[in-house]
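What follows is a set of notes on a single structure, which appears directly below.
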Amino acid sequence: MLQLDTLHKRLTPAHIGLSTWLPNQNYTTTCQVTVKDSSTEGKYQVANKLFRQGDIVLKEEPFIRQLNKNHCKDHCYFCFRSLATKSLAKCRVKTCQWEVIYCDRTCERKGWLAGHAWLCRFPELDVSDMQEVLFGFKGFVTSRCRGQNTLPGLVSNLESNNVIRDMKTMEKINKLASLFYLSEHAIKSLICILSQIRCNSFAIKQAASVAVDSSYVVSRESIHLGQAVYLTAARFNHDCDPIALVIFGSDGNPCQLQVQVTKGSIAKGQNVTISYGPLVTKHTKEERKKKLKEDYFFDCQCNSCLGNSEDSPDSIYKCQICKAGRLYRQQDKCRNCDQKPYWAYFLKTEAKIEMYKQQQDYLKVLQLQENIYHDNVLNIGETCDKLAQTYCVSGQMRLAAKYSKRSLEVTKAIYGKISIESAEEMMKLSTLLFNSMQKAEAIKQINETMITYRLLGLNKSSPEDIEELEDMKNHLIYIVR
Ligand SMILES: C[S@@+](CC[C@H](N)C(=O)[O-])C[C@H]1O[C@@H](n2cnc3c(N)ncnc32)[C@H](O)[C@@H]1O
């Protein structure tokens, strides 16, 4: 029987439209959600049973994926794992000039079938500005292999999406179409797939430690490894105040997507929502609406956007008369005491805050912010984080820990206790408490950090952090008196 790999060698690019060989694959390992339909928000996912905080409702592998060009030299082109310590495999075609490497032959074979077989002969396409169109092309090949013309069942919002009006993208599509002799029909499919990708793809990110200021102060940053489309996860609708969180890299697999419940409990049949980026705790209603319209082409219908904005992050100002009322910028009256706020004072104070920020006098910045803002707002959290970093660099670990603790409180209030952001702040605080030798408090914080890491699956994606936490804990228990 002819093997698929050898068949590819005999085919010309024009045969893509005919290829329907790959068997239907199951991409999910855990799937506890069911698709439902609504007239305003299209399809959405509901819970199959009762879920509690920390439960996993979905684990899924990508339908299509694309490693960012700037990571091609040090990450597997198929599975995105870092190649620093692994033996490598190259493309089966000895003369292949694409900048692609793999962990092993299995990943090479999967990468070959996922589109490299077609692209291998055209090294001129391996350039940064073709990334989006090449990703669409992989979507086209993968969909055709399953007898579909576009990514199966995903929305494209074609009317409001801007692929056709985007001349630069159309030029690249035409370049690809001429190399692969794509028919008019195939070009239409490709345009639709690019629109689907814009509405449905996830950015695959990985946390990484980056040195700042001095060799022992480390900041946590997230690296954007690439992009992927997941057929089941693409059906989760957005909510600016979501009940679940998307995590990558659990089980040591950077492309594995996991959806985890982060709030209270979800009843059977309840809509499971995630955030596409904008959050009620972090962005104003205007900012959220703008971002969702520009990036995902829809007007958000979530409760936070439809309802009253009293509790939104717009309302960060503290009424100077009753000290309890929450005000959004230029609000005419405080709803708590009915008095008219004196906005000139707030604006003058904000100008002073900017001046002290320029001078890097963060203690003054914090003092002024505490005058005009309520506790637990993002601005205050950021200043406390800066102060923690400044004291840490100058070796004043107790003070650094004090401000890091405050920054963690804000992060928990904004992003939730079980969130990547809180886990990162907890890691920082654990290290600072350890370095300032506050034994009991450090052990307590280390334990809390380890639990949060496990709940979020970060123990698998960042095992080095867990190792560091365990080392610190052992040191405190067995060595420090
Ligand atoms: C990733 S898809 C989610 C699944 C989609 N509802 C479907 O029918 O396949 C994103 C699209 O769903 C719709 N959508 C998601 N969240 C929404 C929300 N909060 N309000 C209105 N539409 C929403 C928008 O059309 C958006 O472009």
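Remember, it's a predicted structure, so these values are computed and weren't measured experimentally. In each ligand, atom 1 is the first atom listed, and ligand 1 is the first ligand listed.
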Any F297 heavy atom less than 4.0 Å to ligand 1:
no
N200 heavy atom under 4.0 Å from ligand 1
yes
Measure the distance from atom 19 (N) of ligand 1 to every protein heavy atom, then report the residue, atom name and distance (to 0.1 Å) of the closest one.
H238 O, 2.8 Å
protein heavy-atom neighbour closest to atom 5 (C) of ligand 1 works out as K43 O, 3.4 Å
Under the criterion ring pair (Phe, Tyr, Trp, His ring centres under 6.0 Å), I'd like the reasoning laid out for Y328 against Y317: C-alpha separation, chi angles, the key distance, then a yes or no.
CA-CA 6 Å; Y328 56 83; Y317 297 95; 9.5 Å; no
Salt bridge (Lys or Arg N to Asp or Glu O under 4.0 Å) partners for K59, two or more places apart
D251
Plane angle bin for F180 and F137 - parallel if under 30°, tilted between 30 and 60°, otherwise perpendicular:
tilted
Closer than 4.0 angstrom, basic N to acidic O: yes or no for D166 and R198?
yes
F236 and ligand 1 - part of the residue with a heavy-atom distance under 4.0 Å
backbone
What is the closest protein heavy atom to atom 18 (C) of ligand 1, and at what distance does it sit?
F298 CE1, 3.4 Å
Only counting residues at least two apart or in another chain, list the ones meeting side-chain hydrogen bond (donor to acceptor under 3.5 Å, both in side chains) with S419.
S422
According to the interplanar angle, ranging from 0 to 90°, do the rings of H75 and H71 count as parallel (below 30°), tilted (30 to 60°) or perpendicular (above 60°)?
perpendicular
For ligand 1, which part of A234 has a heavy atom less than 4.0 Å away: the side chain, the backbone, both, or neither?
backbone
Identified ring pair (Phe, Tyr, Trp, His ring centres under 6.0 Å) partner of F202 from the options Y230, F236, Y276
Y230
May I ask whether T273 has any heavy atom positioned less than 4.0 angstrom from an atom of ligand 1?
no
Students should be able to answer this: which protein heavy-atom is nearest to atom 11 (C) of ligand 1, and at what distance?
V155 CG2, 3.9 Å
